[in-house]
Amino acid sequence: MDHEGEGPGGPVTSREQDAVRLLLLIDGACEPLNEADRVVPLLEHAVGVMRTQVKLQKLDFWLRNPDYLANELLTEYENDREEALLDIADRILRSEEPEVRRYPMLRHHFGAYEWLDDALAVLRSAGLLVRRRRGTVSRVRQHDYFLLEEGRRVSREIIREAPAFDYYVQRVELVLRLAGEKSGSELKKQQYLTREYAETPRGTRIASISEQARRRLTAIRHELQEQEAGAA
């Protein structure tokens, strides 16, 4: 079982920490059930669903890697020039968050990946989540994660009454804002645009880009200062 501390590729998380993070993420990202879902007996107490493991893994990657999250915020800023995005990236990169809050993931065939079954088992055994596999006996095509009423209650209770998890509450909101309505496949393509991510050998942990992101932030700030000086 994973535990917090240093592993071969850097810090690793505990099963319980993973379970809380995934519960908050699934609660925030789940979509309404469709009519086919509603007739399944096991889902009578479901309140929403996150479809595909690919999407869950890609959102979780940004939660676990603040350096990549900040780098994506810089990209969004350059596209939209929304100053709030630059300010959030600035706060992340000027702090120790990219080092102390970073939990590396493997690069798999479909991009960032980490074994989540232990954490999901915690949620399922507590009656917070139901996972359904789609496909055939020999080939699972898709995993869907159904949040149950009790899962939503516990998630909202954590948000209200557990200040120790405020960091994940805030970061889930930021990750979901960044992801928008993108599918898991679209998020995968977006993350592959970062060279260091794409060039990571399959089966190894995706390395930090904190220094690259900090240099990028400095360059953006310098450019803005030059623009302001030129306009003065």
* Asked: Step by step, would you call S210 with D67 a side chain to side chain donor-acceptor pair (under 3.5 Å)?
  -> CA-CA 5 Å; S210 58; D67 49 346; 5.0 Å; no
* Asked: Is the side chain of T204 donor-acceptor paired with the backbone N or O of T200 at a distance under 3.5 Å, no angle test?
  -> no
* **Pairs touching residues 150-173 that satisfy ring-ring contact (aromatic ring centres under 6.0 Å, His included), sequence neighbours left out** => none
* Salt-bridged, R51 to D37, with N to O below 4.0 Å? -> yes
* Over all atoms of both residues, closest heavy-atom pair of L74 and A213 -> CD1-O, 3.7 Å
* To do: Provide the closest heavy-atom pair for K58 versus Q191 in the form atom of the first, atom of the second, distance.
  => O-NE2, 3.0 Å
* May I ask you to decide if P104's main-chain N or O and R205's side chain share a donor-acceptor pair within less than 3.5 Å? => yes
* Do the side chain of R214 and the main chain of L93 share a donor and acceptor less than 3.5 angstrom apart? -> yes
* Residue E83 excluded, over 12 heavy atoms near CD under 6.0 Å -> no
* Verify side chain to side chain donor-acceptor pair (under 3.5 Å) between Y192 and R107, making sure each step is shown before the conclusion. => CA-CA 10 Å; Y192 266 119; R107 190 204 148 200; 3.3 Å; yes
* Asked: Do we see a donor-acceptor contact under 3.5 Å between the side chains of R160 and S155?
  -> no
* **Derivation and outcome, side chain to side chain donor-acceptor pair (under 3.5 Å), residues Q53 and Q142** => CA-CA 7 Å; Q53 183 177 178; Q142 180 173 311; over 6 Å; no
* Neighbour count >12 (heavy atoms, 6.0 Å) for atom CD, E196 -> yes
* **Residue that, paired with L63, satisfies side chain to side chain contact (heavy atoms under 4.5 Å, CB included) out of L25, L69, L174** => L25
* Asked: Parallel under 30°, tilted from 30 to 60°, perpendicular over 60°: which one fits the rings of H143 and Y145?
  -> parallel
* Residue pair E78, R216: steps toward the salt bridge (charged side-chain N to carboxylate O under 4.0 Å, His left out) verdict -> CA-CA 11 Å; E78 289 180 332; R216 186 181 180 191; 2.8 Å; yes
* Structure fact -> Closest non-hydrogen atoms of E150 and G127, given as atom of the first, atom of the second and distance, are CB-O, 3.6 Å
* Asked: Which pair of non-hydrogen atoms, one from A179 and one from L59, has the smallest distance, and what is that distance?
  -> CB-CD2, 3.5 Å
* Structure fact -> Tightest non-hydrogen contact, residues V47 and L148, listed as CG2-O, 3.9 Å
* Ignoring hydrogens and geometry, is there a side-chain-to-backbone donor-acceptor pair from R132 to F146 under 3.5 Å? -> no
* Check: R15 side chain, D118 main-chain N or O, donor-acceptor pair, under 3.5 Å -> no
* According to the ring-ring contact (aromatic ring centres under 6.0 Å, His included) rule, which pairs have a member within residues 43-92, sequence neighbours left out? -> F61-Y68, F61-Y197
* Asked: What pair of heavy atoms forms the shortest contact from R38 to L33, and how long is it?
  -> NH2-O, 3.6 Å
